[in-house]
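Inspection log for the structure reproduced underneath, given as structure tokens.
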Amino acid sequence: MRIFRNLLSDLTTLLLSLILALIIWAVAVRAADPIITKSLELEIGTRGLLPSEGVVTPEDRLVRITVEGPQSIVTPLTRSNFEAFIDLSEIPFGVSEAEIQIDFESEDLRIVFQDPRITVVNAEEIISREIPVVVQVRGNAARGHSIGEPVADPATILVSGPEDRVNQLQEAQITIFLDQPREDIVTQRRPTFIDRTDTVVSVNGLDRSTEEVVVVIPIDEIAGVADEPITVDWSGTPAVGYRLLNVRVEPNSLLVTGPPTVLESIRSISTEPIDISGLNASFTQQVSLVFPEGVVPDEVQPVFVTIEIEPIFTIDVVRRLPEMRALAAGLTARVEPEELSIFLYGPLPALDSIREGDVTVTLDLLDLGPGRHSIKPIVSVTAGDIEIRSTEPEFMIVIIEEESGEVEGTLTPTPSPTPTRRPTPQPTATP
């Protein structure tokens with residue numbers, strides 16, 4: 001018995017020593033790595049799936065936590081070490097409360113504070129609905145025309161999204177404003193969505209089968225009434241050197257009434273004959289119309305015809321002997337070449353009427369002494385509406401020499417110009 005008691009006493013002493021050693025070791029470790037806390041703010045995510053396709057909107061977007069643990073573990077912690085989430089598999093559709101769960105890996109950490117722990121969530125089922133497209137027409141068609149039933153393509157728009165937002169939609173509305181058209185209207189428009197209270201609502205975030213709708217509005221002629229174009233009955237040719245530029249009628253169409261069979265055979269309404277023979281100017285005049293038997297205008301209004309006539313513009317060439325001026329006394333001068341070719345541009349009638357004195361060429365010899373000189377000629381045209389395009393050559397050579405013998409003079413006489421035959425001008429396009 002004594003031996004047993006001694007053995008038990010030794011074991012007890014050994015166990016107490018071990019426990020004391022562990023306590024001393026734990027105190028030493030705690031002193032080297034103390035327990036600290038750290039606060040973090042986390043975004044709330046989701047895990048799991050709803051019973052069917054839907055979208056969840058939590059009332060709270062962030063959760064604040066405070067964690068406790070050894071300094072060596074807590075200090076380097078960031079938000080990426082934690083995950084705050086709501087388990088969707090436990091949430092029914094509608095408004096309900098859900099627990100915000102925090103997930104982290106380290107077993108040495110402890111969450112000592114969390115706010116909030118519970119959040120209100122709204123789980124909405126994703127649905128799809130066909131929303132009808134409604135076209136509203138404002139305005140009127142032209143006289144003698146009627147507006148048909150508008151057609152929208154597509155006639156409905158498939159909208160997908162949260163149930164509450166999709167169910168409030170009533171129609172996709174398009175408004176077309178007409179300004180008395182005579183032909184069918186085809187346009188592409190983006191619709192505006194209207195809710196059940198006739199209020200415009202936003203569809204941002206909702207999926208739509210199309211963004212734009214093609215709208216066709218038929219414009220039909222009323223039986224017995226037709227809108228016919230007006231054609232000008234003109235004949236003849238303008239004066240020589242002029243051309244017909246344009247024929248214009250205002251208005252260019254007219255609303256007429258008559259038997260439907262007669263109206264169907266009409267292609268246009270003609271004006272009274274207009275003869276432009278020998279004319280050399282534009283003019284505007286009021287004209288009468290020639291109507292088929294049984295056809296009358298729906299409304300009496302004046303009709304004006306404008307005939308635009310313009311001169312034919314072309315290029316002509318004339319040749320002139322230059323006149324030398326300001327030659328010093330005791331000097332003589334001669335020119336190479338003797339004639340200058342001048343290219344003129346303008347109306348054909350004006351070019352045809354040019355006289356000899358309408359185009360002159362002058363060489364200024366002021367302060368020039370003996371020698372060979374290159375001088376640009378001075379060309380003057382007194383006839384109106386004529387433009388000098390170029391000269392050939394651009395510079396003329398003037399050779400100045402001292403007079404020989406007893407002949408004195410102050411100006412070398414200029415030979416009389418020799419008339420030259422101008423080539424027949426050819427009409428060219430107006431620049």
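Every value quoted in this text rests on a predicted model; they were computed, and no experiment measured them.
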**OP:** May I have the step-by-step check of side chain to side chain contact (heavy atoms under 4.5 Å, CB included) for Phe304 and Thr271, ending in yes or no?
**Re:** CA-CA 10 Å; Phe304 294 91; Thr271 67; over 6 Å; no
**OP:** Start with the C-alpha distance between Ile147 and Leu178, add both sets of side-chain angles, then the distance that settles side chain to side chain contact (heavy atoms under 4.5 Å, CB included), and finish with yes or no.
**Re:** CA-CA 10 Å; Ile147 302 173; Leu178 301 183; 3.4 Å; yes
**OP:** Please report the C-alpha distance between Asp115 and Ile65 in whole Å, then the side-chain angles of each, then the deciding distance to 0.1 Å, and finally whether the side chain to side chain contact (heavy atoms under 4.5 Å, CB included) criterion is met.
**Re:** CA-CA 7 Å; Asp115 182 42; Ile65 64 171; over 6 Å; no
Subject >> Residues Val398, Arg372; criterion side chain to side chain contact (heavy atoms under 4.5 Å, CB included); working and verdict >> reply: CA-CA 6 Å; Val398 178; Arg372 187 182 181 91; over 6 Å; no
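Between the side chain of Arg165 and the backbone N or O of Ser202 there is at least one donor-acceptor pair closer than 3.5 Å. Remark: side-chain polar atoms of Arg64 are not paired, donor with acceptor, to backbone N or O of Ser39 under 3.5 angstrom. A donor-acceptor contact shorter than 3.5 Å is absent between the side chain of Asn252 and the backbone of Val249. Although no hydrogens or angles enter the test, the distance criterion places no donor-acceptor pair under 3.5 Å between the side chain of Ser253 and the main chain of Pro229. Between the side chain of Gln173 and the main chain of Thr192, no donor-acceptor pair closer than 3.5 Å is present. The backbone N or O of Arg355 lies less than 3.5 Å from a partner atom in the side chain of Asp358, making a donor-acceptor pair. Within the 3.5 Å criterion, the main-chain N or O of Gln71 finds a donor-acceptor partner in the side chain of Thr75.
Taking the ring centre of Phe343 as origin, the terminal cationic atom of Arg389 falls outside the region bounded by 6.0 Å and 45° from the ring axis. A cation-pi arrangement is absent between Arg138 and Phe177, since the terminal nitrogen or guanidinium carbon is not both under 6.0 Å from the aromatic centre and inside a 45° cone about the axis.
A side-chain donor from one of Thr119 and Asp60 sits under 3.5 Å from a side-chain acceptor of the other. The closest side-chain donor-acceptor pair between Thr37 and Thr66, if any, does not fall under 3.5 angstrom. Looking only at atom types and distance, the side chain of Gln301 has no donor-acceptor partner in the side chain of Glu299 under 3.5 Å away. No side-chain N or O of Ser341 forms a donor-acceptor pair with one of Glu392 less than 3.5 Å apart.
The two residues Glu228 and Ile266 have their closest heavy-atom pair at OE1-O, 3.7 Å. Pairing each heavy atom of Ile100 with each of Gln114, the nearest pair is O-NE2, 3.0 Å. Here the closest non-hydrogen pair linking Ser160 and Ser128 is OG-OG, 2.5 Å. When all heavy atoms of Pro377 and Leu340 are compared, the pair lying nearest together is CG-CD2, 3.6 Å. Here the closest non-hydrogen pair linking Phe283 and Leu279 is CE2-CD1, 3.4 Å. For the pair Val133 and Ala152, the tightest heavy-atom approach, listed with the atom from each and the gap, is CG1-CB, 3.8 Å.
For Glu338, the CD atom sits in a loose shell: 12 or fewer heavy atoms of surrounding residues, nucleotides or ligands are nearer than 6.0 Å. By the neighbour-count criterion of 12 heavy atoms within 6.0 Å, atom CG of Asp179 is sparsely surrounded, having that number or fewer from other residues, nucleotides or ligands. No more than 12 heavy atoms of other residues, nucleotides or ligands lie within 6.0 Å of CD in Glu105, so this atom counts as exposed by the packing criterion. Around the CG atom of Asp184, the shell of radius 6.0 Å holds more than 12 heavy atoms that belong to other residues, nucleotides or ligands. No more than 12 heavy-atom neighbours from other residues, nucleotides or ligands sit within 6.0 angstrom of CD on Glu402. The number of heavy-atom neighbours closer than 6.0 Å to CD of Glu293, taken from other residues, nucleotides and ligands shown, is 12 or below.
The CG atom of Asp198 sits 11.0 Å away from the CZ atom of Arg196 when rounded to the nearest 0.5 Å.
The pair Arg243-Glu308 does not meet the salt-bridge criterion, since no charged nitrogen lies less than 4.0 angstrom from a carboxylate oxygen. Under 4.0 Å is where a charged nitrogen must lie from a carboxylate oxygen, and between Glu43 and Arg61 no such pair does. With salt bridges taken as basic N to acidic carboxylate O contacts below 4.0 Å, one links Arg47 and Glu83. For Glu211 and Arg190, the salt-bridge test passes: some basic side-chain N is under 4.0 Å from an acidic carboxylate O. A salt bridge is absent between Asp364 and Arg325; no separation between the charged side-chain nitrogens and carboxylate oxygens falls under 4.0 Å.
Leu62 has its side chain out of reach of Leu42: every pair of non-hydrogen atoms, C-beta onward, lies at least 4.5 Å apart. A heavy-atom distance below 4.5 Å is found between the side chains of Leu40 and Phe82. Using a 4.5 Å cut-off on side-chain heavy atoms (C-beta onward), Arg320 and Glu356 make contact. At a threshold of 4.5 Å between non-hydrogen side-chain atoms, the residues Val359 and Leu344 count as touching. Between Val121 and Ser96, some side-chain heavy-atom pair lies under the 4.5 Å cut-off. Looking at Val159 and Arg129, their side chains never come closer than 4.5 Å, going by heavy atoms from C-beta outward. Looking at Val137 and Ile217, their side chains come closer than 4.5 Å, going by heavy atoms from C-beta outward. A 4.5 Å side-chain heavy-atom check between Ser209 and Pro154 finds every atom pair outside the cut-off.
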